[in-house]
Amino acid sequence: GKDISNVVVGKVVSMERHPDSDHMFITQVDVGEDEPVQIVTGAQNVHEGDFVPVAKHKSSVLHEGKQVKITKGKLRGVASNGMLCSLGELGLSVHDFPYAIEDGIFILGDDCDKTVGKDIHEAIGYNDTTVVYLYLEHIVDIPVNALELGFLDFQLCAESSRSFSCKTDNRKAVRSV
């Protein structure tokens, strides 16, 4: 999430076909400012009323895993003041939001905070990952000794580190029983 900046929740308030393109749209997006922001997009999965991540002017997102800056400009002669974002541009995938599509704009679901203008990190719980493991040692009538349980903790910690692409301190994984 550290490579993503100035990206907020937006609501698509209107869409019209781009006059010089058969696949682009000119959208007006409410990002919590005085006036909607005009953004040109080629995305085919966006509709009026959708809540989407919006990279505003002077923002940064990811492209093929590398940070890129987004600035206002023109697309086929029409002003565009930002970009509607896909999962990948936020460093996410369908594993994070299974209802989303991989190759289109990320349409925020009911599990996201759709407050217009809210920072996308907060809106989607980007920094809120918590993994909880439940041990069945007291439910299943199989004796588990402390050494086995400590090794299981170590394995879960290591697997979590790989799955979530984060660093963990395996020394904290072993608990006393």
[X] to [Y] - nearest heavy-atom pair and separation:
X	Y	result
Val94	Ile101	CG1-C, 4.1 Å
His57	Asn6	O-ND2, 2.9 Å
Val61	Ala55	CG1-CB, 3.9 Å
Met15	Thr27	CG-CG2, 3.7 Å
Gly32	Val116	N-CG1, 3.1 Å
Gln38	Val78	NE2-CG1, 3.4 Å

Give the intermediate values and the outcome of side-chain contact (heavy atoms from CB on, under 4.5 Å) for residues Lys58 and Lys69.
CA-CA 6 Å; Lys58 296 187 176 179; Lys69 302 290 183 189; over 6 Å; no
Would a single hydrophobic cluster contain both [Y] and [X], if residues Ile, Leu, Val, Met, Phe, Trp and Tyr are joined by side-chain heavy-atom contacts under 4.5 Å?
X	Y	result
Ile4	Leu92	yes
Ile70	Ile120	yes
Leu62	Val7	yes
Tyr99	Leu90	yes

Pairs flagged by salt bridge (Lys or Arg N to Asp or Glu O under 4.0 Å) wherever residues 100-110 is involved - sequence neighbours left out:
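Only Asp110-Lys114 qualify under salt bridge (Lys or Arg N to Asp or Glu O under 4.0 Å).
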Taking side chain as C-beta onward, heavy atoms only, is [X] less than 4.5 Å from [Y]?
X	Y	answer
Phe97	Ile124	yes
Val9	Leu108	yes
His18	Phe25	no
Pro36	Val29	no
Met83	Cys85	yes
Val54	Val37	no
Val52	Phe106	no
Lys56	Glu33	yes

After noting the C-alpha distance and the side-chain angles of Asp96 and Leu87, does the key distance pass the side-chain contact (heavy atoms from CB on, under 4.5 Å) rule?
CA-CA 9 Å; Asp96 300 298; Leu87 285 172; 5.7 Å; no
Can you list the residues that meet the salt bridge (charged side-chain N to carboxylate O under 4.0 Å, His left out) rule with Asp113, with sequence neighbours excluded?
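Salt bridge (charged side-chain N to carboxylate O under 4.0 Å, His left out) check on Asp113 returns Lys118.
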Glu48 side, atom CD; Gln28 side, atom CD - distance, nearest 0.5 Å:
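So the CD of Glu48 and the CD of Gln28 are separated by 10.5 Å.
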Judged by atom type as modelled, is there a donor-acceptor pair below 3.5 Å linking the side chain of [X] to the main-chain atoms of [Y]?
X	Y	value
Gln67	Asp3	yes
Asn45	Gly104	no
Ser80	Ile39	no
His63	Val68	no

Donor-acceptor pair between [X] and [Y] side chains, under 3.5 angstrom:
X	Y	value
Ser93	His95	no
Ser5	Ser60	yes
His121	Asp119	yes

